[in-house]
Amino acid sequence: MTEMIKLFVNGEEVEVESGKNLIDALEKVGIEIPHFCYHPALGADGNCRMCLVGIEDGRPPVVPACKTLAKEGMKVLLDADNIKKIQHDVMELEFINHPTDCPICDQAGECKLQDYYMKYEGTESRMWVPQVTKRKMQDFGGGVIHDQERCVACGRCVRFLRQITRTGELGLVNRGDDCRVEFFPGRPINNRYGLNVVDLCPVGALTSADFRFKQRAWFLKRAESICHGCSKGCNIMVDHNKEKYEDDIIYRLRPRQNEQVNGWFMCDEGRMTYKLENDNRLEECTLAGAVRPLADIFADAERRIERATKVLFLVSPSASLEQLAAVQALAEKTGATVSAFSDGYIVKDDGDDFLIKDDKAANRAGVDLLGIAKSRTHFDNMAKEADVFINFGNDLSRSLSEEQIGRLFSDTWVLNGATHPGQLGAVMEKKVGSSIALRSWSEYHGVVVNCDGIAQKFVGGVMKNVERPDIVEMAAGLGSPATGTAAAWALVQKKIPALAEFGGFLELPAEGVKLTDNEAGK
Amino acid sequence: MAAKVKQLPSRGGTPAEKVYLIEIFKGMAITLKHFLRNLWDNSNLYVRHYPEVQPDIPARWRGRHRLLTHPDGTPKCVACFMCQTNCPADCIMIKAGTRIDGVTEKMPVSFTIDLAECIYCGYCVEACPEDAIRMDTGIYAFTSSNREEMKIGMTEMLSLKGGFPEEEYQKGLEGE
Amino acid sequence: MSDRSKLIATGKPFKFDKKRDTEFEQLVKRYPSRESMVLPALWLVQEQESWVCQEAIGYIADRIGTFASKVYEVATFYSMFNLHPVGKYHICVCRTLSCWLRGKQDIVNYFRDELNLTPGKATEDKKFSLEEVECLGHCGSAPVLQINGEFYENMDVDKVKKLLATFK
Amino acid sequence: MTNLDIIMVIVRVSISAFVPLCFLAVCVTMERRVAGFIQDRSGPNRAGICGIRAGGLVQNLADGLKLAFKEDIISEHVEHKFLYVLAPIISMAAAIISFALVPFADTLVLDGKSYVMQGIPWDTGILWFLAITGFSVYGIILAGWSSTNKYSLLGALRSASQVISYEIPMGLAVISLLIVYGSINLSDIARFQGQTWLGFIPMWGILLQPLAAVIFIVAAFAECNRTPFDLAEGESELVAGFHLEYSAMKFAVFFMGEYVAMFASSAVIVTLFFGGYNIPFFDTDFLIRNIKPVAFVLLVILPVFMFYFAKWIRRNNRSQYLRENDPRKAEATIYIRCFWILIAIIEVFLLAILAFAQPDTAAAHLLVALMQICTFLIKVTLMLFVYVWVRWTIPRFRYDQLQMLGWQKLLPLALLNIFVTGAIVVALG
């Protein structure tokens, strides 16, 4: 445990962690100090002056909280008249040239200027001189749109690109009221983490071209999830909304703080994976080419599994632990073989040392933990022997070409559970015996283990109009003993003792569970 | 705070009133008087003979919605969704898009109001920061034989004209 | 203040000439880190070209090994870097209080009327260019003109006339 | 049984069965227009056939057609469908039957035979009415219970307890009347009221038994589920009470049953307290004996009445807004012409009677019977007006007020009335 120190805020004693600046330390105990330029990931800059607090009997009496370490016995004044005046005046300064075009600003609703205005200023503008006009709707590259008028020159975006990505595309040019964020002509934002500046921007100066004008922030429902784009397992917030008479769709993904995994950020590719969740999804379950109710397909498949001599299940390395365990249990019951062959999920030399990984599967570590074979030879051998092949959401078209798939399953009855069309190749899918449209990761709950062996829970908040089964339900429909997510979780706990202490996956801590090396690294 | 409350004498305390019958007959006499007067000559009825006699609509009347335009004919609406956010009946459906005519950056691509669901509360008008939506068309009778026709779109709302002179409408706003 | 963030590109690649190149390499040795070289390098550019173009900033950034945006920041922050082409004689008129009270406006008006020279612009023959600057620190002898680094004090329209005649 | 007997049975039964049904239209129109006039509205005045609106009567036709052609829904949750369908029928049938024993004219003597002018010539009289109206509550209870709906059930429960509470004062009020009249036969009662007291005061029940009249009328209101006692429906708290689940024709039957019950109880009230079919001051014998003067008086009165009636129609049958060639004025002309034709026909008949009829002949008897029927219907209509008038004046009681009135006020008063009446009757021998 970190050492705790005692200090006084407005005369009241509070206990905070030592070694932190005042903003962070007091935030932990629920006391807010307003700030624009400070961001825990970027460090203190001290240029906005919004976080000035009074220190009683201190020298100097007024200090920026972002640069001041919390010390034992410190007497912090937040509600002194001079502090209130500072906050009020800083806000007034920020608003001198602010266009106040909240109606058309995407940040409205999650904008610090708005929040602080309501909290710390709330007065009408006294300005009568014309405002300084600057460029609006400037394309910064990388899907970032900049509005110079809304900028408060906090420099978070500049510091992110210099300190975190070390590409430094942006700079604060000019000075005084003419100060603005610009990229050097011809060198726009061009890196794989550029969209993080949109989240970092405390106001609406930087907005995402992708999300721009799609939805207002206050309509969006949030679901705490894990990015399934690669094996890093960045913590994300799924912002989705079901508009009247329409389907529930995701509008954007935002990073969620998790110091162990992704810090505060995520990559641009990961952000865009939401499009896969919305568009081009399989909707119908078919049996011999005809749309049929799910129960019929399950009954038919169950009969075929019983009659078959050799059955092969293929699971996706992105499936949650529960789903993998459910399929495993089904395999144990029916004597089938489970494979997690997914060589195509690994993209060589794509990853970097920050967040992006080569392996584009969200739960490969989990596959290993549950002891599911994934080698190509194993899969090939089994595929040749099998006369019934059931795919549980594995995008086989990534690993094998259409021809190869066709050759492997030329005389095999195939049940294809998939989220998107084309996962077995377009030609092959016309020939499959049955197909089931599955739920995707934004629509179910579960636990995945990332490349560092951290088991993390995720919640699927999206409720599509078309009812689809997830893999646990599909396995249960085919006769798996794990009839629900809870039963599957019990199976997972049997296989992975480190998770045994958690009654349900929701009890997993928010920062995830670091599985020990011998468990994770098997 | 001691508010000054006017004390009214309480009624119904006298024995004659407690019997009720006398009061009942008093009341019946009143209704009978009305009945006989109107039976004798029905020209004094307080009835507007509606489709033939149309009511006078004041400028504050909340009728059907319209979208206002700038003098150059472009819509004033910037698709800020304030009306949709404030709509208690959930009847406004907006799709926003980028605006290229240079007036602002954002404009509605589609703006639909389901009049079958609208409760004509006027919150959308009050919420609008751009004075882009008003309910001053003076159209109060609006029927349709199916639900789809009750949805009105952007072009239709833009084409509607206000039913009152601007000064009269503004005067109506002051009264609120 | 005019918007200095719009850099002007010449369309030609920029390179230090030999003299500045060696000067640059010598200066590098004087500073603890290469990033400290931004200001001296910009001075070298202005010395060589009399103004700083977009290509020059990119060149310096690459030469120093820092972000172009950083050099860009510095160049736009300091008003003594000319970010647009200037004339042969770059005239800076102090516009701060003392000079103003002592008649700087007459001088500016003279330039405007006689030479068709307005602040921020150059004459057509690229001989003169004018800029109004903040305090030059010679308030005791206001108004002050600074022409290509040289100070001319206690100016009035007549003196300016005579002075300009010497440049011709 | 002669042919005349058979004809008279048919006539009597049809009068007692169809007059209440025909009066439905009068009731409903009156309800609407009186309500309108009391509230300074105009009531229904648009529906018409070729511009003929008949003062709102066509609106009833339209409503009836609408109800007849509406989809008749029996909800799936209704378990006892038979009882559900039976309920409105009971309600309606009980209402019609309860009128069967009310005399609408004095005993008619034709060819030396007397015919009692009531639907069923029984002597049970007022007891029949009490019995049958008590039975009509079964319709409501069945409807409320079989609807499988909380509101309906509550309405039915209220109705049941209300009927029990008010049957008692009603019966007791009737007892005091019976002490005075000395008979339970309604014909006897009506004939009794044909007498005059001291030569100029008609011996009507309302004068002999004012307290019983008040109690009976109040109880009759309650029995009919009319405002202020319509707690069984109570739109504001029970939505529509017992007939909430009923639609189309089944609802219409309930609706008609209510108005028929209203008519029947009006008829009974008129018979008990307002001299029944008697024309005040002129008893049957007097009229039959002086048939020629009576015919002459009618001959004179009818055109005079029609003249003023026509003026009233002209004044009120017009559009209330500016309209070119007001069609309603043309309509008024048609009405007036029709009425004049009707009057002319009646005049011809009266002239014939004046010229040829002798006192105490069949023609004289028939004319007097017709006059009495008209008198009776006019009286009933006025009583119906009172029903409507009360409905649009007095608000609904609360349930506890209703029971308090029944048990704590009406019941003791009725008992007191019996005691006092008995004492007086005994004292006067």
Side-chain angles (χ1 to χ4, degrees), chain B residues 8-58 61 63 89 116-117 119 138-148 150 163, chain D residues 29-46 55-56 210-211 213-215 217-218 221 227-228 308-309 311-324 326-328 332 382 385-395 397 401 404-405 408-410 413:
Chain B
L8 290 173
S10 84
R11 303 289 297 270
T14 64
E17 284 169 340
K18 276 195 168 160
V19 175
Y20 291 123
L21 272 180
I22 299 162
E23 298 297 311
I24 285 174
F25 286 123
K26 274 190 196 166
M28 296 198 40
I30 289 174
T31 49
L32 186 65
K33 210 168 72 193
H34 277 259
F35 169 70
L36 290 177
R37 193 194 73 194
N38 293 323
L39 184 72
W40 184 248
D41 181 2
N42 64 9
S43 57
N44 294 323
L45 299 172
Y46 301 127
V47 177
R48 179 185 296 125
H49 290 262
Y50 169 54
E52 294 90 3
V53 183
Q54 295 280 337
D56 274 343
I57 306 285
W61 177 274
E117 292 184 74
I119 58 169
I139 303 174
Y140 51 85
F142 185 56
T143 54
S144 154
S145 55
N146 67 55
R147 285 170 188 233
E148 282 306 307
M150 295 297 278
Chain D
T29 310
M30 189 158 74
E31 178 99 71
R32 290 172 158 177
R33 305 257 11 191
V34 169
F37 283 157
I38 282 176
Q39 297 166 355
D40 288 349
R41 301 184 283 111
S42 62
N45 66 348
R46 291 304 175 94
L211 191 57
V214 169
I215 294 168
I217 292 172
V218 169
F221 272 80
T227 337
Y308 285 105
F309 186 51
K311 273 182 94 171
W312 180 79
I313 291 178
R314 278 242 180 275
R315 184 168 61 238
N316 287 326
N317 202 63
R318 59 185 175 77
S319 298
Q320 306 266 337
Y321 47 93
L322 287 177
R323 202 166 170 191
E324 276 178 31
D326 192 349
R328 293 196 175 174
L382 287 173
F385 170 74
V386 172
Y387 267 93
V388 174
W389 176 22
V390 166
R391 174 168 178 189
W392 297 103
T393 305
I394 300 172
F397 278 109
Q401 291 171 331
M404 202 115 79
L405 181 70
Q408 295 187 353
K409 305 270 161 59
L410 295 184
L413 279 176

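Remember, predicted model here, so these are calculated numbers, not experimental data. Atoms considered below: every heavy atom in the structure, side chains included; atoms not considered: hydrogens, waters and symmetry mates. Below, chain A is the first sequence line, B the second, and so on; all start at residue 1.
Only the side chain of D:Ile394 comes within contact range of chain B, judged by heavy atoms closer than 4.5 Å. Heavy-atom distances place no part of B:Ile30 under 4.5 Å from chain D, backbone and side chain included.
Judged by distance alone, with hydrogens and angles left aside, the side-chain atoms of D:Arg315 form no donor-acceptor pair with the main-chain N or O of B:Asp41 at under 3.5 Å. Panel note: side chain D:Asn316, backbone B:Leu39; a donor-acceptor pair is recorded below 3.5 Å.
For D:Arg46, the CZ atom counts as densely surrounded, since its 6.0 Å shell holds more than 12 non-hydrogen atoms of other residues, nucleotides or ligands.
Put simply, the side chain of B:Tyr46 does not reach to within 4.5 Å of the side chain of D:Gln39, judged on heavy atoms. The side-chain heavy atoms of D:Thr393 and B:Phe35, taken from C-beta on, include no pair separated by under 4.5 Å. Residues B:Leu36 and D:Phe37 form no side-chain contact, since every pair of their non-hydrogen atoms from C-beta on lies 4.5 Å or further apart.
Taking chain B as the reference chain and counting heavy-atom pairs below 4.5 Å, the highest number among D:Ile38, D:Val390, D:Val34, D:Asn45 is found for D:Ile38. Between chain D and the residues B:Lys33, B:Arg48, B:Arg37, B:His49, the largest count of heavy-atom pairs under 4.5 Å involves B:His49.
A donor-acceptor pair shorter than 3.5 Å can be found between the side chains of D:Trp389 and B:Thr31.
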